[in-house]
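All of these numbers come straight from a predicted model, not from anything done at the bench.
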Amino acid sequence: MAEKPDPGKPEGVKAQWHFDIITAPGFVLLELASVVDVLRLANRVCPRPPFTYAYRSLKGGTIVSSSGASIPTQPVTRQPDADYLFVIGNTDPDQPELSLGRVVSDYTYRGAQVFLLAEAASRYIDEHGTPDMATHWENASIFRERGARFEAKLSIATEQGPVVTCAGMGATADIALAVIGRHISGPAKMTVADIMLHEHIRDFSSLQPFSGAKTTTTGDARLDQCIKLMQANIEDPLPINQLVEELGMSNRSLERKFKTFFGTTPNGFYREMRLAKANNLLLNTTMSVREIGLACGFPNGFSSVYKSFFGITPFALRRQKRHSALR
């Protein structure tokens, strides 16, 4: 996809990533909303909206979901200009418009990564795939009973280069959060998950859940506990030596965990988490800049810290928002 220029970024740095979302009659509204609301919230909490999206279908026009909600769509093109394609699952596993081998090839040929959800995944696996691809357990059972040539994986997603097959349903939010996490910071991604009340972001290898399954945020209990302590102490940040004391571990061990999971230090993660909250408050409340700084643990120098991270002062961001609202 052609890069979109952004006057606030150095030349050559991509400013936005575009998603095409394909639906067919009878699509699952939960899956569509899980993708779109993740993108919408990410655009809300970031100072410059990083994502755009378009609804598409094979022929275009109004497409009605299994729950009766309808959306206007544009027709799929043979020369797609998208970074990502999501194909939404369907109440009918035999829906003919889920047979999208050529469409998938058109997108991957032009550099997009394709995410096939639930029934779209099982159709692709049956027609073009291999047994080490994932789909929803219910679809795997249906196709097994029909004598299908594959036994699908029961992880929430399986990535094979440009094609990712996914379980769909509630796990769609995990997939969308993982994708946006490639382009926005870890704390910004966690802010999106928190707004959605999505407590645990699963990775692709996580097994599809069954009732009673116990999950953690990162898969590491002490790291989970550390993040919870940070979240509970945004206004008055805890020193790292106090965190490690409460966790019963060494400073070095905590640093290794943060480096492994997030690619940053505990202090860096904590600061970015607080800045992500500050950015959300700037964009979505009428609190003063000073009040926001205090609420996020920056009693002094908030504007300088914010600008060093986001490249714009809090006051300039507020002005931009006011001007956009007047257009």
Side-chain angles (χ1 to χ4, degrees), residues 19-39 53-77 80 82 84-108 112-131 133-160 162-176 179 204 208-209:
F19 289 66
D20 274 355
I21 305 170
I22 291 181
T23 61
F27 71 88
V28 177
L29 189 59
L30 170 64
E31 294 176 4
L32 179 73
S34 295
V35 177
V36 171
D37 277 340
V38 166
L39 301 178
Y53 58 88
Y55 298 134
R56 295 191 180 273
S57 61
L58 284 184
K59 298 179 181 178
T62 299
I63 303 295
V64 181
S65 74
S66 58
S67 55
S70 60
I71 59 168
T73 67
Q74 305 170 34
V76 171
T77 173
Y84 298 102
L85 169 65
F86 273 75
V87 182
I88 304 302
N90 203 282
T91 50
D92 179 8
D94 297 315
Q95 165 60 250
E97 292 191 25
L98 294 182
S99 186
L100 294 169
R102 178 189 63 78
V103 172
V104 170
S105 295
D106 289 342
Y107 275 85
T108 58
Q113 188 170 35
V114 176
F115 292 80
L116 304 166
L117 306 179
E119 291 75 21
S122 58
R123 175 67 66 85
Y124 182 85
I125 298 168
D126 191 38
E127 295 177 354
H128 308 281
T130 60
M133 290 179 148
T135 187
H136 191 283
W137 64 263
E138 191 174 33
N139 294 314
S141 299
I142 290 171
F143 276 85
R144 191 185 310 121
E145 290 170 4
R146 294 179 179 181
R149 61 182 177 84
F150 70 90
E151 184 73 22
K153 296 290 186 183
L154 294 181
S155 54
I156 66 169
T158 301
E159 187 171 6
Q160 290 194 347
V163 177
V164 185
T165 49
C166 312
M169 297 305 285
T172 305
D174 298 278
I175 305 303
V179 174
F204 288 7
Q208 295 174 36

Enquirer: Output yes when a side-chain donor or acceptor of Thr91 lies under 3.5 Å from a complementary backbone atom of Gly26, and no otherwise.
Expert: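 The answer is yes, because a donor-acceptor pair under 3.5 Å joins these two groups.
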
Enquirer: Tell me, which pairs form a salt bridge (Lys or Arg N to Asp or Glu O under 4.0 Å) where one or both residues lie in residues 23-39, sequence neighbours left out?
Expert: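 Qualifying pairs: Asp37-Arg40.
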
Enquirer: Identify the heavy atoms of Ala24 and Gln95 that sit nearest to each other, and give their distance.
Expert: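 For Ala24 versus Gln95, the nearest heavy atoms are CB-CG, 3.9 Å.
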
Enquirer: With sequence neighbours excluded, what pairs up with Thr158 under the side chain to side chain donor-acceptor pair (under 3.5 Å) test?
Expert: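 Per chain and number, Thr158 pairs via side chain to side chain donor-acceptor pair (under 3.5 Å) with Ser155.
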
Enquirer: Would Gln113 and Val179 satisfy side chain to side chain contact (heavy atoms under 4.5 Å, CB included), going step by step from the backbone distance to the final call?
Expert: CA-CA 10 Å; Gln113 188 170 35; Val179 174; 5.7 Å; no

Enquirer: Are Tyr124 and Thr135 packed together at the side-chain level, in the sense that at least one heavy-atom pair is separated by less than 4.5 angstrom?
Expert: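 Counting from C-beta outward, Tyr124 and Thr135 never come under 4.5 Å.
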
Enquirer: Side chains of Ser99 and Glu127: donor-acceptor distance under 3.5 Å anywhere?
Expert: yes

Enquirer: Please name the pair of heavy atoms, one in Leu30 and one in Met169, separated by the smallest distance, quoted to 0.1 Å.
Expert: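 Smallest interatomic distance, heavy atoms only, reads CD2-C, 3.9 Å.
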
Enquirer: Any side-chain heavy atom of Leu100 within less than 4.5 Å of one from Leu58?
Expert: yes

Enquirer: Can you run down the salt bridge (Lys or Arg N to Asp or Glu O under 4.0 Å) pairs that involve residues 56-72, sequence neighbours left out, and say none if there aren't any?
Expert: Asp20-Arg56

Enquirer: Given 3.5 Å as the limit, does a donor-acceptor pair link the side chain of Arg123 with the main chain of Glu97, or not?
Expert: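 Flag not set: sc Arg123 to bb Glu97 has no pair under 3.5 Å.
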
Enquirer: Would you check if there is a donor-acceptor pair between the side chains of Ser34 and Thr172 at a distance under 3.5 Å?
Expert: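 Result is no, nothing qualifies.
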
Enquirer: Provide the closest heavy-atom pair for Val38 versus Ala173 in the form atom of the first, atom of the second, distance.
Expert: CG2-O, 4.3 Å

Enquirer: Among residues at least two apart in sequence or on other chains, which ones pass side chain to side chain donor-acceptor pair (under 3.5 Å) with Ser105?
Expert: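 Side chain to side chain donor-acceptor pair (under 3.5 Å) list for Ser105, sorted by chain: empty.
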
Enquirer: Shortest non-hydrogen contact from Pro25 to Ile63?
Expert: N-CG2, 3.6 Å

Enquirer: Would you say the side-chain atoms of Thr77 pair up with the backbone N or O of Pro80, donor to acceptor, closer than 3.5 Å?
Expert: no

Enquirer: For the pair Glu119 and Asp92, evaluate side chain to side chain contact (heavy atoms under 4.5 Å, CB included) and give the outcome as yes or no after the intermediate values.
Expert: CA-CA 8 Å; Glu119 291 75 21; Asp92 179 8; over 6 Å; no

Enquirer: Rounded to the nearest 0.5 Å, how far does OG of Ser65 lie from CG of Leu32?
Expert: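 Reported to 0.5 Å precision, the distance equals 8.5 Å.
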
Enquirer: What is the minimum heavy-atom distance between Ala118 and Gly89, and which atoms define it?
Expert: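 Closest approach of Ala118 to Gly89: CB-CA, 4.4 Å.
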
Enquirer: For Tyr107, check ring pair (Phe, Tyr, Trp, His ring centres under 6.0 Å) against everything at least two apart and list the hits.
Expert: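 In terms of ring pair (Phe, Tyr, Trp, His ring centres under 6.0 Å), with neighbours along the sequence ignored, Tyr107 is linked to no residue.
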
Enquirer: With a 4.5 Å cut-off on side-chain heavy atoms, are Ile21 and Val35 touching?
Expert: yes

Enquirer: Which value, rounded to the nearest 0.5 Å, describes the distance between Ser67 atom OG and Leu29 atom CG?
Expert: 4.0 Å

Enquirer: If I take atom CD from residue Gln74 and atom OG from residue Ser57, how far apart are they, to the nearest 0.5 angstrom?
Expert: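 Atom-to-atom, Gln74:CD and Ser57:OG are 9.5 Å apart.
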
Enquirer: Which heavy atom in Ala121 sits nearest to a heavy atom in Thr165, and how many Å separate them?
Expert: CB-CB, 3.9 Å

Enquirer: Please test Tyr55 against Val36 for side chain to side chain contact (heavy atoms under 4.5 Å, CB included), starting from the C-alpha separation and ending with a verdict.
Expert: CA-CA 10 Å; Tyr55 298 134; Val36 171; 3.6 Å; yes

Enquirer: I would like to know whether Val87 and Val103 meet side chain to side chain contact (heavy atoms under 4.5 Å, CB included); could you show each step before the answer?
Expert: CA-CA 10 Å; Val87 182; Val103 172; over 6 Å; no

Enquirer: Looking at Leu39, Ile175, Val114, which one forms a side-chain contact (heavy atoms from CB on, under 4.5 Å) with Phe86?
Expert: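 Testing each of Leu39, Ile175, Val114 against Phe86, the sole residue satisfying side-chain contact (heavy atoms from CB on, under 4.5 Å) is Ile175.
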
Enquirer: With sequence neighbours left out, what residues match Glu159 under salt bridge (charged side-chain N to carboxylate O under 4.0 Å, His left out)?
Expert: Arg182

Enquirer: Do Val64 and Phe27 make a side-chain contact, defined as non-hydrogen atoms from C-beta onward lying under 4.5 Å apart?
Expert: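 No, too far: nothing below the 4.5 Å cut-off.
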
Enquirer: Can you check whether Thr73 reaches Thr23 side chain to side chain, under 4.5 Å on heavy atoms?
Expert: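 Touching, per the 4.5 Å side-chain cut-off.
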
Enquirer: Name the orientation class of the two ring planes belonging to Phe115 and Tyr84 (parallel below 30°, tilted from 30 to 60°, perpendicular beyond 60°).
Expert: tilted

